Every structure is written in C-alpha cells, then in structure tokens.
Amino acid sequence: MSLIQGLAAHAAGAQLLTFRYDPGELGPQEVEIGISHCGICHSDLHLIANDWGISQYPFIPGHEVIGKIVAVGSEVRSLTVGQRVGLGWQSNSCGQCEWCMQGLENLCAASEATCVHRHGGYANRVRANARFVAPIPDALPSEQAAPLLCGGITVYSPMRTHCVNPSSRVGVVGIGGLGHLAIQFARVFGAEVIAFSSSTAKEDEARQLGANHFVNSRETKAMREVAGSLDLILSTVNANEEWNTYIQALRPTGTLCMVGIPPSPMAIQALPLISGIRSVTGNPIGSPSRLREMLDVAGRHGVQAKTELFAMGQANEAIEKVKKNKVRYRAVLIN
Ligand code: NAP
Ligand code: ZN
C-alpha cells in the first residue's frame, strides 16, 4: 500500500501542514476508504487546540468521512471494494465488553476515535474497523451525508434515548453544525422545536430548517418567557452559558442533554433539579446500529445538512471560518 497523504496539526493550535504516513499492513477486520468528502466538526478544532489534553501531534484531524472502499481486510464480509460508505468519530471498540455486547459500542472503555492517537479524514485515505463503517443510502448526496457521520448521529441518538415524539417540546441550543441537524431531526420525530441562538441573523434559516420558535439566548427577558416549557433541551454550544436558565426552561421531569462541550465546569443549582425531578445528562455520538438507522431516517425524511464546500487544500481557511462561527452550517472538505 502506498503512503496516505493528508493535512496534520503538528502543535497545539498550529496551521495544518501536508503530512504523509505509512499505514502498514491492513488489519484483517479493517477497511480502507478512499475519501471524497470530510466534514469539519468543532471537535476537530478542540483536538487541534488540545482543549481536552488528549491530542498527540502530529495528527490528521477529520471524522465525518464519506468515500469509497478501496481495500478490505481478509475477515471483512460486510463491505466490498467500490461501495460508498461513511466513517464517524468512532473507528473501533473491544467488541467483547458488556456495552459492546449490548450494541452500545460508543460506551466501550476501549473505544478508539478516528483522529485521536491516529490519523483521520483530512486526507486521501483512512482506515477503520469495518463495524464502524456504514454504507450510505443512495438518497443522501455525499456532501450532505458527511456531517451526519458525527454531527447527525450525536443529535439523533439522544432524541431516541429520550423518546422524542409528537407531544415533545424540544429546545436546541446553538445553531451550528450539530444544532441545524438537531432542529431537522426533532421535526422528523414530530416535536415542537425552539431554537436558542446567540446569532439573531440565524432566525430565518432556523425557521426554514423547521424551528417553530426562535429565542435570542442573549436576551434575558426572552429566556425567562420560556421557563417551564421544554421536555428536552439539547445543548450543542462549545461555550459557557447560563445553564441554570436552561434548567429553568425545562418542564418537570425534563432533561438538559449536553452534547456540545463548554470549556468550564457547569455551576448548576440543585433546587430546580429536585423540585421538578429535572436532569442534566450528556450523550457521546451513537452506536453503529443507531448510525445506520439515523442515515436511513435522514435519507427517507429529507434531513439535509446545509454545507459550504472547500477543497481539501483549503482546510486551514475553512477551520478559521468555523472558529469565527461564520459557516452556514457545516464546512465540508472535498478531494
Ligand atoms: P459549530 O458548528 O461551531 O457550532 C457551535 C455553535 O455554538 C455555533 O454555531 C453557535 O451557535 C454556538 N456558539 C459558538 N460560540 C459561542 C459562544 N461564544 N457563545 C454562545 N454560543 C456560541 O460546532 P459543532 O460542530 O456543532 O460542535 C458543537 C460542540 O459539540 C463542540 O463542542 C463539539 O466538540 C461537540 N461535539 C460533541 C459530540 C458528542 O459526541 N457529544 C459530537 C460532536 C461534536 P449560535 O450562533 O446559534 O449561538
Ligand atoms: Zn465530531
């Protein structure tokens, strides 16, 4: 096999530079994907900056991959060369623990991430265990499918876990890559949707995406008006917010589910949790079976990422635009 070429971060916060590596022998359970598209998830920015203290340099970011299988390992029966597939955040798990046995591989303690301590999708090719590589339904164009592989599954999975249905009132905080998909999926489940955004310029588009209401999260009065009204709030922001205000926006038994990762610990008051049996929880991506289900639902119900395309070589420019919250709503790199 020839060298794989991509764009790697060599130090915290540095510009990505061309990088080649030898992937070695293809493992018996691995597949290699020839990449056509890769979304830029904000988690890539966190990793490049080493916000979580887990980054090892150099590494190639990217975990919203679409492409075609170019090689399959000797034991792979589920995928064939030439097939169009997607790969998200998770690229392997132990396959043997109680969580893997339950089909909750995303909870496996030995879970491996596509671009943590290994090289991801801002590249011409990438490898992963075949169990974490999903065929892409024909109904989904590659450019719109890429953001579903991490952004889509991360918002879809908690809606299934928390049983969102036509009686639900769902809040989505932050209308970015994850948030704009969350609005669409919540509507597919039949819920009434409130979009919370710090960008008033996003109101019209949030409504076009399916939001029934739009709240400027910087307006104290507007935030107070929604008190006690929501069953599930999905926070997709990567910033610190007034979390108590969101907890107060929940109905009794309601849940604030964190998927975005704020930089600081959350200071939350216990009383609203106690008095209304309200919960604060989180969600990591989704299992491989949920991923396949989500892709099928997106294809059948017309959930479409709104994307801005960049050539792979323009990854640094695209990342700058994501940093400035200027992308509507997902930057996708193409080869
Ligand atoms: P994104 O496209 O950059 O969107 C984030 C949104 O947060 C922005 O569009 C903006 O929405 C809001 N925001 C940004 N800066 C803000 C600030 N200073 N104050 C208030 N709001 C701000 O990011 P993304 O790709 O959707 O990812 C969002 C977060 O989810 C990241 O932390 C990422 O690491 C995390 N994530 C977690 C998982 C998981 O498994 N749990 C998976 C994928 C990503 P408005 O303009 O509408 O306010
Ligand atoms: Zn991601």
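Indexing begins at 1, ligand by ligand and atom by atom, following the structure's order. Computed from a predicted structure; not experimentally measured.
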Student: For ligand 1, is any non-hydrogen atom under 4.0 Å from K202's backbone (N, CA, C, O), its side chain (CB onward), both, or neither?
Tutor: side chain

Student: Within the 4.0 Å heavy-atom shell around G176, which atoms of ligand 1 are there?
Tutor: 2 (O), 4 (O), 9 (O)

Student: Has M258 got any heavy atom lying under 4.0 angstrom from an atom of ligand 1?
Tutor: no

Student: Could you tell me whether the side chain of L7 reaches within less than 4.5 Å of the side chain of T18, counting heavy atoms only?
Tutor: yes

Student: For ligand 1, which atoms have a heavy atom of R330 less than 4.0 angstrom away?
Tutor: 2 (O), 24 (P), 25 (O)

Student: When the ring centroid of F196 is compared with that of Y246, is the distance short of 6.0 Å?
Tutor: yes

Student: Distance-only, no hydrogens or angles: does the R125 side chain make a donor-acceptor pair with backbone N or O of S2 under 3.5 Å?
Tutor: yes

Student: Show the nearest heavy-atom pair for residues I268 and N244, with the distance to one decimal.
Tutor: CA-OD1, 3.4 Å

Student: Are F189 and Y156 near enough that their ring centres are under 6.0 Å apart?
Tutor: yes

Student: Who gets closest to atom 11 (O) of ligand 1 by heavy atom: I175, V173, V322?
Tutor: I175

Student: Give me the nearest non-hydrogen protein atom to atom 30 (O) of ligand 1 as residue plus atom name, then the distance to 0.1 Å.
Tutor: G260 CA, 3.2 Å

Student: Any heavy-atom pair between the side chains of Q144 and K306 that's under 4.5 Å?
Tutor: no

Student: So, is H63 placed with an N/O/S atom under 2.8 Å from the Zn ion (ligand 2), counting both backbone and side chain?
Tutor: yes

Student: Is the F19 to H119 ring centre distance short of 6.0 Å?
Tutor: yes

Student: Looking from the Zn ion (ligand 2), what is the angle between SG on C41 and SG on C150, to the nearest 10°?
Tutor: 130°

Student: Show which atoms of ligand 1 fall inside a sub-4.0 Å distance from at least one heavy-atom site of G177.
Tutor: 1 (P), 2 (O), 4 (O), 26 (O)

Student: Below 4.5 Å, heavy atoms only, C-beta onward: do R278 and P252 meet side chain to side chain?
Tutor: yes

Student: Between N240, T236, L178, flag the one that comes closest to atom 26 (O) of ligand 1 by a heavy atom.
Tutor: L178

Student: Can you confirm whether S43 sits close enough to W52 that some side-chain heavy atom of one is under 4.5 Å from a side-chain heavy atom of the other?
Tutor: yes

Student: Show the atoms of ligand 1 that are less than 4.0 angstrom away from any heavy atom in P284.
Tutor: 40 (O)

Student: Which atoms from ligand 1 have a heavy atom of W52 less than 4.0 Å away?
Tutor: 34 (O)

Student: Within a distance under 4.0 Å of any heavy atom of S198, pick out the atoms of ligand 1 and give their elements.
Tutor: 20 (C), 21 (N), 45 (P), 46 (O), 47 (O), 48 (O)

Student: Just which atoms of ligand 1 are under 4.0 Å from any heavy atom in R218?
Tutor: 19 (N), 20 (C)

Student: Can you tell me which residue and heavy atom of the protein come closest to atom 42 (C) of ligand 1, and the distance to 0.1 Å?
Tutor: T154 OG1, 3.2 Å

Student: Identify the protein heavy atom lying closest to atom 3 (O) of ligand 1, giving its residue, its atom name and the separation to 0.1 Å.
Tutor: H42 ND1, 2.7 Å

Student: Are H10 and F59, when compared by the centres of their aromatic rings, separated by less than 6.0 Å?
Tutor: no

Student: Heavy atoms only, cut-off 4.0 Å: how does F214 contact ligand 1, side chain, backbone, both, or neither?
Tutor: neither

Student: Checking contacts here: is it the side chain or the backbone of H46 that comes within 4.0 Å of ligand 1, counting heavy atoms only? Could be both or neither.
Tutor: side chain

Student: Using a strict 4.0 Å cut-off to heavy atoms of S197, name the atoms of ligand 1 that fall inside it.
Tutor: 45 (P), 46 (O), 47 (O), 48 (O)

Student: Ignoring hydrogens and geometry, is there a side-chain-to-backbone donor-acceptor pair from Q83 to T80 under 3.5 Å?
Tutor: yes

Student: If two hydrophobic side chains count as joined below 4.5 Å and joins carry through other members, does M223 share a cluster with L232?
Tutor: no

Student: Suppose we measure from atom 43 (C) of ligand 1 to each protein heavy atom; which comes out shortest, and what is that distance?
Tutor: C150 SG, 3.4 Å

Student: Identify whether the distance between the nearest side-chain nitrogen and carboxylate oxygen of D296 and R300 falls below 4.0 Å.
Tutor: yes

Student: Measure from atom 14 (C) of ligand 1 to every heavy atom in V237, N238, I285, V259 and give the option owning the shortest one.
Tutor: N238

Student: Should the proximity of L45 to ligand 1, defined as any heavy atom under 4.0 Å, be assigned to the side chain, the backbone, both, or neither?
Tutor: neither

Student: For atom 46 (O) of ligand 1, grab the closest protein heavy atom and report residue, atom and distance to one decimal in Å.
Tutor: S199 OG, 2.5 Å

Student: With the threshold set at under 4.0 angstrom, would you say C41 reaches ligand 1 through any of its heavy atoms?
Tutor: yes

Student: Which residue, P135, S142, S36, forms the side-chain contact (heavy atoms from CB on, under 4.5 Å) with R84?
Tutor: S142

Student: Any link between I48 and Y21 through a network of hydrophobic side chains (Ile, Leu, Val, Met, Phe, Trp, Tyr) touching at under 4.5 Å?
Tutor: yes

Student: With respect to atom 8 (C) of ligand 1, which of I153, N325, V172 exhibits the smallest heavy-atom separation?
Tutor: N325

Student: Tell me which protein heavy atom sits closest to atom 41 (N) of ligand 1, plus the residue, atom name and distance to 0.1 Å.
Tutor: N283 O, 2.8 Å

Student: When you look for heavy atoms under 4.0 Å from ligand 1, do you find them on the side chain of A239, its backbone, both, or neither?
Tutor: side chain

Student: Among all protein heavy atoms, pick out the one at the shortest distance from atom 44 (C) of ligand 1; state its residue, atom name and that distance to 0.1 Å.
Tutor: S43 OG, 3.3 Å

Student: Between Q15 and N316 (side chain of the first, backbone of the second, donor and acceptor by atom type, cut-off under 3.5 Å), is there such a pair?
Tutor: no

